[in-house]
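Following: one structure in structure tokens, then a few remarks.
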Amino acid sequence: MFSTYKQAVLNNYDQRKTAGTLPLRLQSPTPASVKEHLMQYLEQHFDARKDRIILEAFFGNQNDAEGFAKRLSRMEINKFKSVIKFLKGKTTNPEDKQVHLAALLTNFERPYEFGKDYSEHLSAQLTTEEKEGTNETSNVGQVSPKSETDVDIEDREAEGKKGSLEGQYFNENIGADDSEDAIDDGLEIEKSTERTASNESDPETTAPTTQEPIKGEEEERNSWWKDEWVKKSVACLLLVIPISAGFLLKNQIGGNLNGEQCMYWKEDRYVAVSCDAKLKEDVEKVALDTILLNHFRMITKADTITERSIGKIWYLKHEKKFEYFTIRGNHPILRRRLSRLSDLIYRNEIESRRLENAKEF
């Protein structure tokens with residue numbers, strides 16, 4: 001089940017964090033540090049066999065690691081907030097692609113395979129290689145060990161820089177505008193304290209003063225709400241917002257609102273279904289994967305495939321027949337890995353058949 005795989009990815013992250021074998025950028029991840037880590041991973045350790053299908057869910061089809069890196073460089077860092085929430089256990093129902101990305105970042109077993117039992121990873125301890133931090137992702141962003149002398153010098157310098165570092169952290173996390181607001185709030189509190197002390201020493205000034213509102217201004221401020229059109233507009237807005245949110249949520253989680261945790265192959269696509277649903281004996285149910293559910297399709301009309309499809313769609317040859325699919329994966333019935341459409345296959349199987357059919361007419 002994919003839910004077991006999801007928990008295994010999270011357990012792997014927690015174990016490596018406890019053992020201290022995570023890259024520095026992932027020990028306390030931020031959107032910026034996750035982007036930097038992923039960029040360095042693409043430059044040094046990209047494995048097309050394991051990583052391509054995961055990255056295509058975020059960046060679309062790319063030829064190589066350089067193509068993914070270019071798309072990543074233009075990606076806003078707030079796009080990585082979801083995977084951070086998953087790693088920190090702040091969400092119980094993340095998108096499937098966020099789980100796959102977390103597996104890539106932490107160098108967990110990938111890609112996910114249908115039918116494989118991942119329960120052994122739930123109680124498994126870290127391997128010796130992981131404890132020593134020698135796997136490929138641990139080397140990304142790690143710092144070489146320092147001598148005791150260097151540590152002592154840094155401790156003495158840290159005392160002098162503590163104030164500036166705290167100020168830097170404050171500014172980086174709340175932004176320049178928020179910093180000014182916080183300073184203004186601090187000054188306001190300080191002034192309020194001074195006024196309170198002054199009032200306690202002078203009883204005559206402690207009596208509260210109130211300003212009577214001007215009748216005309218009060219009526220002007222409230223007159224907009226008396227407009228019938230405004231009331232109707234607000235009522236419509238309050239009705240539309242929850243409905244729209246419901247549709248967006250349903251599209252995001254791929255039908256999980258009905259408790260569907262499995263899917264099966266029907267004609268040219270996967271269909272979500274409850275794991276307890278009864279199907280025909282020859283129909284196999286597999287764990288729900290929203291990437292495959294929403295994007296994996298069989299191309300039933302081969303004559304619609306053009307030269308532009310080379311390298312972008314996938315196929316399988318079985319009993320001298322070719323079947324074509326929209327994205328990478330395994331054949332839904334035979335469970336054999338699909339191959340990327342090459343120029344040779346396109347010329348010999350698709351274009352040649354198209355020419356033969358044209359001659360018949």
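The structure presented is a predicted model; accordingly, all values stated were derived computationally and were not measured. The figures here come from the full heavy-atom set of this structure, side chains too, leaving out hydrogens, waters and symmetry mates.
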Report task. Could you label the plane-to-plane angle of the Phe2 and Tyr112 rings as parallel, tilted or perpendicular, counting under 30° as parallel and over 60° as perpendicular? Result -> perpendicular
Requested in this report: Could you label the plane-to-plane angle of the His45 and Tyr41 rings as parallel, tilted or perpendicular, counting under 30° as parallel and over 60° as perpendicular?
Outcome: tilted
Holding to side-chain hydrogen bond (donor to acceptor under 3.5 Å, both in side chains), I want the full list of residues that pass it with [X], two or more places apart in sequence or in another chain.
X      : result
Asp14  : none
Asp96  : Thr290
Asp117 : Ser119

Which pair of non-hydrogen atoms, one from [X] and one from [Y], has the smallest distance, and what is that distance?
X      : Y      : answer
Ala65  : Phe46  : CB-CD2, 3.5 Å
Ala102 : Val9   : CB-CG1, 3.9 Å
Asp289 : His100 : OD2-NE2, 3.8 Å
Val283 : Leu279 : CG1-CD1, 3.7 Å
Arg16  : Thr106 : NH1-O, 2.7 Å
Pro242 : Leu238 : CD-O, 2.9 Å

Distance (rounded to the nearest 0.5 Å) between [X] [atom1] and [Y] [atom2]:
X      : Y      : atom1 : atom2 : value
Tyr324 : Thr300 : OH    : OG1   : 13.0 Å
Lys35  : Thr30  : NZ    : OG1   : 12.0 Å
Asn93  : Ser3   : CG    : OG    : 11.0 Å
Phe58  : Leu101 : CZ    : CG    : 4.5 Å
Leu10  : Gln15  : CG    : CD    : 10.5 Å
Arg353 : Asn348 : CZ    : CG    : 10.5 Å

ring-ring contact (aromatic ring centres under 6.0 Å, His included) partners of [X], counting only residues at least two apart:
X      : result
Phe325 : Phe296, His331
Phe108 : Tyr5, His121
Tyr264 : none

Side-chain donor-acceptor distances from residues 332-342 under 3.5 Å, at least two apart:
unit_1 : atom_1 : unit_2 : atom_2 : d
Arg335 : NH1    : Tyr270 : OH     : 3.3
Arg335 : NH2    : Pro332 : O      : 3.4
Arg340 : NH1    : Asn61  : OD1    : 3.3
Arg340 : NH1    : Gly311 : O      : 2.4
Ser342 : OG     : Ile345 : N      : 3.3

[X]-[Y] co-clustered via ILVMFWY side chain contacts under 4.5 Å:
X      : Y      : answer
Met298 : Leu316 : yes
Ile310 : Ile305 : yes
Val271 : Ile299 : no

Would you check if [X] and [Y] make a side-chain contact, meaning some heavy-atom pair closer than 4.5 Å?
X     : Y      : result
Arg52 : Phe68  : yes
Pro31 : Val34  : no
Glu56 : Ile327 : no

Query raised in the report: Going by the ring pair (Phe, Tyr, Trp, His ring centres under 6.0 Å) test, which pairs reach into residues 12-34, not counting sequence neighbours?
Result: none
Report task. Among residues two or more places apart or on two chains, list those pairs meeting ring pair (Phe, Tyr, Trp, His ring centres under 6.0 Å) that have a residue in residues 333-359. Result ->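 Every pair satisfying ring pair (Phe, Tyr, Trp, His ring centres under 6.0 Å) with a residue in residues 333-359: there are none.
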With a 3.5 Å cut-off and sequence neighbours excluded, list the donor-acceptor pairs that the side chains of residues 70-88 form with protein atoms.
unit_1 : atom_1 : unit_2 : atom_2 : d
Arg71  : NH1    : Phe59  : O      : 2.8
Ser73  : OG     : Lys70  : O      : 2.6

Query - CA sep, side-chain torsions, deciding dist, call: Val273, Lys285, side chain to side chain contact (heavy atoms under 4.5 Å, CB included) - result: CA-CA 8 Å; Val273 67; Lys285 284 183 291 186; 4.2 Å; yes
Requested in this report: Tell me, please, which residues at least two apart from Glu323 pass salt bridge (charged side-chain N to carboxylate O under 4.0 Å, His left out).
Outcome: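 Checked Glu323 against salt bridge (charged side-chain N to carboxylate O under 4.0 Å, His left out); zero matches.
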Query raised in the report: Which pairs pass salt bridge (Lys or Arg N to Asp or Glu O under 4.0 Å) with one or both residues in residues 297-313, sequence neighbours excluded?
Result: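 As it turns out, the salt bridge (Lys or Arg N to Asp or Glu O under 4.0 Å) pairs with a partner in residues 297-313, which skip direct neighbours, are Glu307-Arg347.
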Requested in this report: Identify the residue among Ile53, Leu104, Asp51 that makes a side chain to side chain contact (heavy atoms under 4.5 Å, CB included) with Pro111.
Outcome: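 Of Ile53, Leu104, Asp51, side chain to side chain contact (heavy atoms under 4.5 Å, CB included) with Pro111 is met by Ile53 alone.
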**Report entry** side chain to side chain contact (heavy atoms under 4.5 Å, CB included) evaluation trace for Ile350 with Tyr315
**Finding:** CA-CA 12 Å; Ile350 299 176; Tyr315 75 94; over 6 Å; no
Report task. Test Glu349 against Lys317 for side chain to side chain contact (heavy atoms under 4.5 Å, CB included), laying out the working first. Result -> CA-CA 11 Å; Glu349 296 298 327; Lys317 182 179 180 181; 5.6 Å; no
**Report entry** Trp265/Glu284 under side chain to side chain contact (heavy atoms under 4.5 Å, CB included): CA gap, chis, key distance, verdict
**Finding:** CA-CA 8 Å; Trp265 183 254; Glu284 179 185 4; over 6 Å; no
